[in-house]
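Here the structure comes first, spelled out in structure tokens, and everything after it is commentary.
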Amino acid sequence: MEINIGFEEFVDAFKMVMPYLREIMGQDVAVQMCNTTHFLAFEKARTFDLDILPNSSLPPGDPSLECMLQGKQTNMMVPAEVFGVPVKALSTPIAFQGKIVGSVGLGRNVSTEINITQMTAQLEEALEQVSSAVQQIAASAGDINDNQQRMNSSVIAIGEATDNIKVVLDFIKTIADQTKMLGLNAAIEAARAGEVGRGFGVVAEEIRKLSDESRQTTIRIKELAQEIEESVHTAKMMAEISGRASEEQAAATEEISASIEEISSTAQVLRNIAQIL
């Protein structure tokens with residue numbers, strides 16, 4: 001920083017401003033000014049003390065001394081172990097008529113920024129875990145939906161098979177009724193034939209019994225087919241409900257994923273702000 005007034009005049013003017021810099025900046029800062037060998041003025045921060053005394057010598061490695069030696073602004077982080085809080089130290093050399101005559105240093109408590117950075121990192125990590133879980137849920141929802149589609153196809157196939165069974169049973173019932181009628185006619189003819197037709201009559205009786213048994217079995221199978229049809233209908237309804245639930249879950253998962261991406265973007269913005277401060 002090049003000044004166009006004498007260094008002593010600049011020091012006097014800066015001393016007048018120093019007590020108000022904290023309020024002007026709206027942050028907890030410590031400010032100091034030095035010449036090339038000694039500290040000239042110092043304003044303490046509220047939350048930390050740089051342990052600087054006016055007119056004390058600049059110690060080797062001090063940021064103010066380093067910035068003058070390098071001829072450029074220096075910026076360094078001081079860990080919390082040194083002053084009790086993390087401090088960001090900024091030192092700027094002061095030049096007059098092309099010659100470095102001193103420096104101005106500012107130390108700022110960056111606890112808030114570090115906390116924001118750490119919280120942002122934790123938030124990003126948590127979001128990654130949530131995002132991974134959501135992706136797994138989405139994949140599972142897709143598998144469920146595929147299985148649901150296959151189950152729907154199976155339910156429909158079972159329903160069609162049940163309908164075919166009913167058609168076959170109706171056909172068998174018709175044959176049984178016709179067989180019973182034939183057996184009855186055969187019994188009548190056997191009775192007319194007398195002793196000669198006795199054996200034929202026995203056969204006719206067995207045919208009627210078989211016809212009755214076939215008819216009863218057909219009725220029972222039809223009842224079972226009806227029960228199967230009712231079960232299939234219930235399963236189909238449940239499958240449709242489950243399918244709608246899967247679709248709603250997939251939509252909700254997409255919304256959650258979008259929200260996670262938005263929060264992640266916000267977290268990155270917070271991280272960038274914290275690094276700039």
Side-chain angles (χ1 to χ4, degrees), residues 1-126 263 265-277:
M1 179 174 60
E2 183 78 24
I3 59 176
N4 55 12
I5 60 174
F7 181 62
E8 292 183 359
E9 294 179 66
F10 180 80
V11 171
D12 291 338
F14 196 76
K15 284 181 178 179
M16 296 176 62
V17 177
M18 285 178 65
Y20 307 102
L21 287 179
R22 186 166 48 238
E23 283 72 20
I24 293 171
M25 297 180 65
Q27 295 179 339
D28 186 29
V29 296
V31 186
Q32 59 86 12
M33 172 176 282
C34 65
N35 57 24
T36 57
T37 58
H38 292 75
F39 291 106
L40 302 178
F42 177 70
E43 185 71 26
K44 293 182 178 181
R46 293 193 181 96
T47 57
F48 63 95
D49 187 358
L50 298 181
D51 195 23
I52 295 175
L53 296 175
N55 299 318
S56 60
S57 299
L58 294 173
D62 185 87
S64 298
L65 183 59
E66 289 299 317
C67 83
M68 289 187 288
L69 292 174
Q70 296 178 24
K72 63 180 181 180
Q73 187 179 80
T74 60
N75 193 338
M76 64 178 295
M77 288 293 300
V78 182
E81 292 78 13
V82 178
F83 300 117
V85 295
V87 175
K88 187 174 185 179
L90 177 70
S91 299
T92 302
I94 300 171
F96 178 65
Q97 295 181 347
K99 182 181 178 181
I100 294 176
V101 294
S103 69
V104 173
L106 183 146
R108 181 165 57 86
N109 183 347
V110 290
S111 298
T112 301
E113 290 89 331
I114 291 178
N115 288 336
I116 290 175
T117 301
Q118 292 175 346
M119 291 174 63
T120 302
Q122 293 172 357
L123 176 60
E124 289 176 342
E125 182 179 356
I263 295 172
S265 298
T266 303
Q268 185 59 47
V269 171
L270 288 175
R271 178 188 288 274
N272 294 337
I273 292 174
Q275 292 174 347
I276 293 173
L277 292 175

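Positions are given from 1 along the sequence. Model, not experiment: these values are computed from the prediction.
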(request) Give the minimum heavy-atom separation between Asp28 and Ala45, together with the two atoms involved. (result) OD1-CB, 3.4 Å

(message) Nearest 0.5 angstrom please: Ser64 OG to Leu69 CG, how far?
(response) 11.0 Å

(request) Only one of Val101, Ile100, Thr37 passes side chain to side chain contact (heavy atoms under 4.5 Å, CB included) with Met68; say which it is. (result) Ile100

(message) To the closest 0.5 Å, what do you measure between CE (Met18) and CG (Leu106)?
(response) 9.5 Å

(request) Work out which heavy atom in Cys67 is nearest to a heavy atom in Ser103; give both atom names and the distance. (result) SG-CB, 3.7 Å

(request) Answer yes or no: are there more than 12 heavy-atom neighbours, outside Glu8 itself, under 6.0 Å from its atom CD? (result) no

(message) So Met33 and Val11, do their side chains get closer than 4.5 Å, heavy atoms only?
(response) yes

(request) Nearest 0.5 Å please: distance from the CD1 atom of Ile94 over to the NZ atom of Lys99. (result) 14.5 Å

(message) Could you report the tightest heavy-atom contact between Phe39 and Ser57, atom names first, then the distance?
(response) CE1-O, 3.9 Å

(message) Within the 4.5 Å heavy-atom criterion, are Leu40 and Phe14 side-chain neighbours or not?
(response) no

(message) Once rounded to the nearest 0.5 Å, what's the spacing between atom CG of Asn35 and atom CG of Leu58?
(response) 7.0 Å

(request) Answer whether the closest heavy-atom distance between the side chains of Asn75 and Gln73 falls below 4.5 Å. (result) no

(request) Any chance you could measure Asn109, atom CG, to Arg46, atom CZ, to the nearest 0.5 Å? (result) 11.5 Å

(request) Measure the OG-CD distance between Ser91 and Gln32 for me, rounded to the nearest 0.5 Å. (result) 6.0 Å

(request) Please say whether more than 12 non-hydrogen atoms of neighbouring residues, nucleotides or ligands are located less than 6.0 Å from CE in Met77. (result) yes

